[in-house]
Amino acid sequence: MSEAKQFRDEERLDLPSASKMARLVACPGSHALEQTLPPEAFQADSQQEEWAEKGTRIHRAKETGNTLELDEEEAEIYRQGVAYEEQIVQKWMRDKNLDDCEEGPREMRVWLHDPLNFPELLGSVQLDAHYYNKERGCVLSVDWKSGFDPNLPPSPSSWQLRFGAVALKREEYTDWMKECRVAHCKAQQKHTVNDYCDYAEADLEMSWQAMRLHLWESTQPDAQRHPGQHCTFCPCKPYCLEAGGYSLLPSVAAKEKDWELQVAQMQPKDLVRIWSVSTITEKIIEAVKDRLKAMPDEDLAAIGLERGKGRSLDPIVDVPGAYSALLKEFTEESVLKCMKLGKTELAKLAAESKGKSKEDAGKWVSSYLDKFIERKTSEAPLRRIKA
Ligand code: SF4
């Protein structure tokens, strides 16, 4: 007897969901990497847990109409959301000239099947609220956002909303649905009634084809990972080489100040990979600096740079003169304590006056001054073990 498969995410059967669709489009390889993550990768911090619980309570109240478990703030968000949703519905009915409509099941999960491999599933979406007029073939899908999300894309760019519209057309209202309006109901923001997008029948078909392509791409063994701003909310981030490399780009590091944390969380083999390219990276950075420094001031200004004030060096070039002057003020011993002998300069002196090669002169200085030298080595550099 075969054992039942253990799912990490029982509700979504470990398949792509609408809320992850935008990430799959931007980074097809993220789905496969996500399946390999340890459980701790999905642990939210207490703040995130609190927000998630708030959202769950508000959505549950919306589903059941029972507001008893809401606190004062949540109840206010819920009331605003209900009022905004009503405005969204009214506007949709006006725009489409509808006399009436029916409300579909709330918080309904719709599964998208693979038509080439039925009944295999491709993914799912949970629809907060939707309305329809069957005779006219019109559907309205409203997605509630109970918190502030500065990264929320507008409705026409939302893969989450697109997924919902396509799933309704393909799986629920196949026979009669001709068009779908998708809308965000941002319960904490005003003017939410204008964040919507209309999908005609042809748009729904093209969106379905686009989704198929991206979902298929995400299941390929060589699905690529493309880092970007979308990494911010990806659970793979601490385990992903591409995100690590991206986070070390100067422009990103300047925006996200958690580079030490990123490095601390990387896998050892990824650290080796980054270390192994460090020499070339440093050379590139030096070459970039040299090129920039060689530019005329006006060219630098055109790209937002200017020459800063150089650190003052002011070396003492006449050492014998300075030495004699200082002896008038201090004892010889205290002046000598401030002086340093350069081994390179001494080797040069030995080479010239004793007729030695550069190498022999260096050895002579090291041996002749042995008792005056403190022998120590610098920090050991890393290098590859030879096979
Ligand atoms: S962290 Fe970024 S690059 Fe890595 S899998 Fe996630 S989205 Fe892709």
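Read the numbers this way: they start at 1 and go in the same order the structure lists the ligands and their atoms.
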Can [X] and [Y] be counted as an ion pair, charged N to O under 4.0 angstrom?
| X | Y | result |
| --- | --- | --- |
| K96 | D198 | yes |
| D203 | R162 | no |
| K186 | D195 | yes |

* Any pair counted as ring-ring contact (aromatic ring centres under 6.0 Å, His included), so long as it reaches residues 201-222, sequence neighbours left out -> W159-H214
For a quick test of your reading: what N or O donor-acceptor pairs under 3.5 Å do the side chains of residues 342-351 make, sequence neighbours left out?
none

* Asked: Which residues pass the ring pair (Phe, Tyr, Trp, His ring centres under 6.0 Å) test with Y173, sequence neighbours left out?
  -> H130, Y132, W176
* Just the protein N/O/S atoms under 2.8 Å from atom 6 (Fe) of ligand 1, please, no waters. => C234 SG
